[in-house]
Amino acid sequence: MSTNPSKKFKNPMVNWIEYRLPIFSFLDNSLGSNYPTPKNLNYFWNFGSLAGITLGIMLVSGIVLAMHYTAHVDYAFDSVERIMRDVNYGWLIRYIHMNGGSMFFIVVYIHIFRGLYYGSYHAPRELLWMLGVFILLAMMATAFMGYVLPWGQMSFWGATVITNLFSAIPLVGDAIVTWLWGGFSVDNATLNRFFSLHYLMPFVIVGLVVLHIWALHVHSSNNPIGIDAKTEQDTLPFHPYYTVKDLYGLGVFLICYAFFVFYAPNFFGEPDNYIEANPLVTPAHIVPEWYFLPFYAILRAFTADFFLFAYTPISWIMSAKLAGVIAMFASILLLLLMPWLDGSNVKSSKFRPLYAMFFWIFLLNCVVLGIVGGKPAEGTWLYIGQFTTTYYFAHLLVIVPLVSRLEQPKTPPESISAAVTSTAQG
Amino acid sequence: MSDTNKSAEDGEEEEKTRRDFLFTTTAVVGAVGVAATAWPFIDQMNPAADTLALSSTEVDLEPIEEGQSITVVWRGKPVFIRHRSSEEIEKARADDDANLPHPESDAERAKNPKWLIMVGVCTHLGCIPLGNKSGEIKGEYGGWFCPCHGSHYDMSGRIRKGPAPTNLPVPEYTFLSGSRVKIG
Ligand code: HEM
Ligand code: FES
């Protein structure tokens, strides 16, 4: 607990530096023995450090790929094939980067649902949570632009469909699309700017992550029972307890990651992206990367006869296309409001059985949205997509505000240590 | 030094307004400067001069048989050119009075009814509709069909069914001497 500013280290060299730049005490207070952490964290609390490490892996593998990659429509596809065949270990580095994108999203989605279940967005962690949502948005932008770089058919057509979304904006839509493209279609100018921004955005993410962790360290982690640490009894020093636990989790994670890199490197990919981009031929099914599928399903749910559109005032003021685009962005931006949508004064769903049940339904609903996003938007799939889209918004805008205010939660234990000792005894 | 003393004696009022004036003008000039500097950084993303220079294409229509279509590239996008038969023209005209989501008469869309020239990019989200090559699906209205999200276009390239909001756009074009057409 005690922060000792004049902390003396054993090594005189360390002390010499510490006196001039107190970096060692900074580290000790952030990741070391001087950072008290709730002692009841479960394995869901591993995913934050995993996300940070994955970001590091993406940076290193990406910078190395950029040494061999050529951002030009005539060479991009071939340069990636050259990375795969001729560059020493190029295949490995590319597969690390390609699957790393998927791993990053898996880890971050688990991290987010962890927050939703345990109420980690509640006061005083609202900004911490909101920074997380901004990180998610920045990751999506990064991954979207990265996927364009290999200049395969999915790269090209994904970029075409997604940039065309902006044409739904009234009056200025077409001018915005031309501006995004730097031409009259997705072309060399587009590829170049996407490469530039794909290189930049990860460093913006690093900046957001620094703020995220800064905010985290002000009030420390939430925990499975959602009541704050009160005494030293409730905490453990981060090092060695959680450094070891995070390293163990990292080992398990790297095994899964390596499995995909070595045994199923194209599992998450689309075979069509190994065909060079052809602006004159559209593939039969354009599907985005798996981590965008739920949002793609929401986008496509808005057809002229979708009841949420046709029978509401939405249809008086905008086209179905614009409504779909707005709904897609809103589905993520609404998460920013979670701290206020959820009006309960008990954080963890452990003490809110009704709320917990709706949490699981919501999670299932998101999975179904993801499945729908990968299917053609026709027939039954379209109806399922429209139903799950409606439920997505109903959950955030109706169920969460009402259930959190009406449900009488169970009484949480006195303190973290009381909870830990009582489970240990019984 | 003396300046400061003097103004202090002159009273606070005057000094305050003069400062406010300097403060506001500086801020305004600064803001205009920032906006003026920002514009080049925004506008550089718009199409460059060489991209704009490539913005017209000439096509020879001679080899296109009646009932045949070709695809040419204009501004990086496909343009469909169809040599329509008289039945096709009739069919397109007959539909002028149909319930069209985006009403346009066939005469407005094809200057010379034999030649239907339009940008082959679905107005929904930019896929390329099928139907320009023989053997491809032409959709329920016999024109073009976009497989991405199911938009059906008729013999005049007008949207009839599906999520696309507008008809396939007709680019600017002029018939040059003989059988040549200039698009753009
Ligand atoms: C937030 C971290 C990052 C994410 C989520 C990400 C995501 C992606 C994705 C999904 C691809 C497409 C992979 C494929 O299908 O081939 C890609 C490609 C690429 N990325 Fe990244 N990336 C990240 C960071 C970086 C960084 C820091 C660089 C450094 C310049 C970089 C450079 C590249 C290059 C050169 C390619 C094209 C080669 C290829 O397609 O394999 N990336 N990225
Ligand atoms: S892009 Fe043609 S129907 Fe969507």
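Note on naming: letters A, B, ... go to the chains in the order of the sequence lines (proteins, then strands), and numbering restarts at 1 for each one.
Interface with chain A: from residues 67-91 of chain B, residues B:Val73, B:Arg75, B:Gly76, B:Lys77, B:Pro78 qualify, criterion being any non-hydrogen pair under 4.5 Å. Residues of residues 92-116 of chain B having a heavy atom under 4.5 Å from any heavy atom of chain A: none. For a heavy-atom cut-off of 4.5 Å, chain B lies close to A:Lys321 in residues 321-333 of chain A. Within residues 139-157 of chain B, the residues that have a heavy atom under 4.5 Å from a heavy atom of chain A are B:Pro147, B:Cys148, B:His149, listed by number.
Heavy-atom distances place no part of A:Val186 under 4.5 Å from chain B, backbone and side chain included. Both the backbone and the side chain of A:Thr160 come within contact range of chain B, judged by heavy atoms closer than 4.5 Å. Residue contact with chain B, scored on non-hydrogen atoms closer than 4.5 Å, is absent for A:Pro376. If you measure heavy-atom distances from A:Leu165 to chain B, the contacts under 4.5 Å come from both the backbone and the side chain. Heavy atoms of A:Thr178 lying under 4.5 Å from chain B belong to its backbone as well as its side chain.
Other residues, nucleotides and ligands contribute only 12 or fewer heavy atoms inside 6.0 Å of the CD atom of B:Glu62. In this structure, A:Phe387 places its CZ atom where only 12 or fewer heavy-atom neighbours from other residues, nucleotides or ligands lie under 6.0 Å away. The local environment of OH in A:Tyr274 is crowded, with over 12 non-hydrogen atoms from other residues, nucleotides or ligands closer than 6.0 Å. Shown here is B:Phe175, whose CZ atom has more than 12 heavy atoms of other residues, nucleotides or ligands within 6.0 Å.
Atom NE2 of B:His124 is separated from atom CZ of A:Arg300 by 9.5 Å, given to the nearest 0.5 angstrom.
Listed options B:Asn46, B:Ile128, B:Leu130, B:Thr51 were ranked by heavy-atom pairs under 4.5 angstrom with chain A; first place goes to B:Ile128. Contacts with chain B were tallied for A:Gly183, A:Ser319, A:Ala168, A:Ala175; A:Gly183 has the most, counting heavy-atom pairs under 4.5 Å.
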Could you go through A:Phe184 and B:Val121, starting from their C-alpha distance and side-chain angles, then the distance that decides it, and tell me whether this counts as side chain to side chain contact (heavy atoms under 4.5 Å, CB included)? CA-CA 12 Å; A:Phe184 303 103; B:Val121 174; over 6 Å; no

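Across B:Gly126 and A:Trp157, no two heavy atoms sit closer than the pair O-CZ3, 3.3 Å.
Side-chain atoms of B:Ile42 and A:Trp179, non-hydrogen and from C-beta on, do get closer than 4.5 Å to each other.
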